[in-house]
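Let me begin by presenting the structure, written as C-alpha cells, before commenting on it.
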Amino acid sequence: MSSQSQEPRVVSPGFNTRVYAVVRRIPPGCVSTYGDVATVLGSPRVARHVGFALAALRDDTVPWHRVINGRGRISFKGDTVRAIVQRQHLEAEGIEFSPAGVIVLARYRYRFDD
DNA sequence: GGTTTGACCATAA
DNA sequence: CTTATGGCCAAAC
C-alpha cells in the first residue's frame, strides 16, 4: 500500500490515540494537566501535543474537558466558546473554581497509576 | 523532507 | 497579579 490518506483516521494515529487513551482514564470529578498526560505518555515535554490532539478530538467518549493547564486554569487561544463549555462541564462534575477562575490542582488532580 | 504551528511550561521582568 | 520570551517535540502544510 503505497498511498495513504491525508485525512486523520480513526485508528493508528500514533500520538493522539495515546492521548485519548490516557484522558479516558481520568475519573469524573477529577482533573489532569497537559503536562501530566504527557508524562504518562512517556515525555513530559509533549504537553503541547496533548492539547493539539485534543483540539482535533471529536470523540465524545474522551473527557477532554477534564484536562487543564499546569496552572489550574483553562487555556484557550481564540476559542472562547470551548473554554466556557469546559468550565461548565467541570462545575457539573463538582469541581470548584476560585474567584479568579482557577482550579485547586492539589485537590482535584488525578494520579495515574502505571 | 523542510517550515510552521500549537488547548504548554518554566522563567524573567 | 500580568505580559513576554525561549524551548520542547509531534503533526500538519
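All values derive from a computational prediction rather than experimental measurement. These values consider heavy atoms only, across backbone and side chains, with no hydrogens, waters or symmetry-generated copies. Just so we're on the same page: letters track the sequence lines, and every chain starts at 1.
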**Hydrophobic cluster identity match, A/Ile95 and A/Tyr110, side-chain contacts under 4.5 Å** =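 Per the 4.5 Å side-chain linkage, A/Ile95 and A/Tyr110 are not co-clustered.
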
Using whole Å, what does the distance between atom [atom2] of nucleotide [N] and atom [atom1] of [X] come to?
| X | N | atom1 | atom2 | value |
| --- | --- | --- | --- | --- |
| A/Phe76 | B/dC8 | CZ | P | 10 Å |
| A/Asn16 | C/dA11 | CG | P | 7 Å |
| A/Asn69 | C/dC8 | CG | P | 21 Å |
| A/Leu54 | C/dA10 | CG | C1' | 14 Å |
| A/Ile74 | B/dC8 | CD1 | C1' | 15 Å |
| A/Trp64 | B/dC8 | CH2 | P | 13 Å |
| A/Arg48 | B/dA7 | CZ | P | 9 Å |
| A/His49 | C/dG7 | NE2 | P | 16 Å |

Where the side chain of [X] is concerned, which of [options] is the nearest nucleotide?
| X | options | result |
| --- | --- | --- |
| A/Phe15 | B/dC9, C/dG7, C/dA11 | C/dA11 |
| A/Ala55 | B/dC8, B/dA7, B/dA10 | B/dA7 |
| A/Tyr34 | C/dA12, C/dA10, B/dC9 | B/dC9 |

**Asked** Using the ring of each side chain (for Trp, its six-membered ring), is A/His65 parallel, tilted or perpendicular to A/His89, with breaks at 30° and 60°?
**Response**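 Because their plane-to-plane angle is under 30°, the rings of A/His65 and A/His89 count as parallel.
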
**Request:** Answer yes or no: is there a donor N or O on one side and an acceptor on the other, between the side chain of A/Arg82 and the main chain of A/Ala55, under 3.5 Å?
**Result:**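 No: the side chain of A/Arg82 does not pair with the backbone of A/Ala55.
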
**Item:** Touch class at under 4.0 angstrom, heavy-atom based, for A/Arg45 against every strand present
**Value:**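 Answer is sugar-phosphate: A/Arg45 comes under 4.0 Å of backbone atoms only.
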
**Message:** Need one value for A/Arg73: base, sugar-phosphate or nothing, where a base atom within 4.0 Å counts as base even if backbone is also close, heavy atoms only.
**Reply:**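 Touches sugar-phosphate only.
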
**Asked** Is A/Arg87 close enough and on-axis enough to A/Phe97, meaning under 6.0 Å and within 45°, for cation-pi?
**Response**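 Yes, cation above the ring, under 6.0 Å and within 45°.
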
**Message:** Both A/Ala56 and A/Ser43 contact DNA chain C. Which one's nearest nucleotide lies toward the 5' end?
**Reply:**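 Checking each residue's closest nucleotide, the 5'-ward one belongs to A/Ser43.
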
**Position toward the 5' end of DNA chain C (nearest nucleotide), A/Val46 or A/Phe52** =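 The 5'-side residue here is A/Val46.
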
**Message:** Nearest 0.5 angstrom please: A/Ile74 CD1 to A/Thr80 OG1, how far?
**Reply:**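 Atom-to-atom, A/Ile74:CD1 and A/Thr80:OG1 are 12.0 Å apart.
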
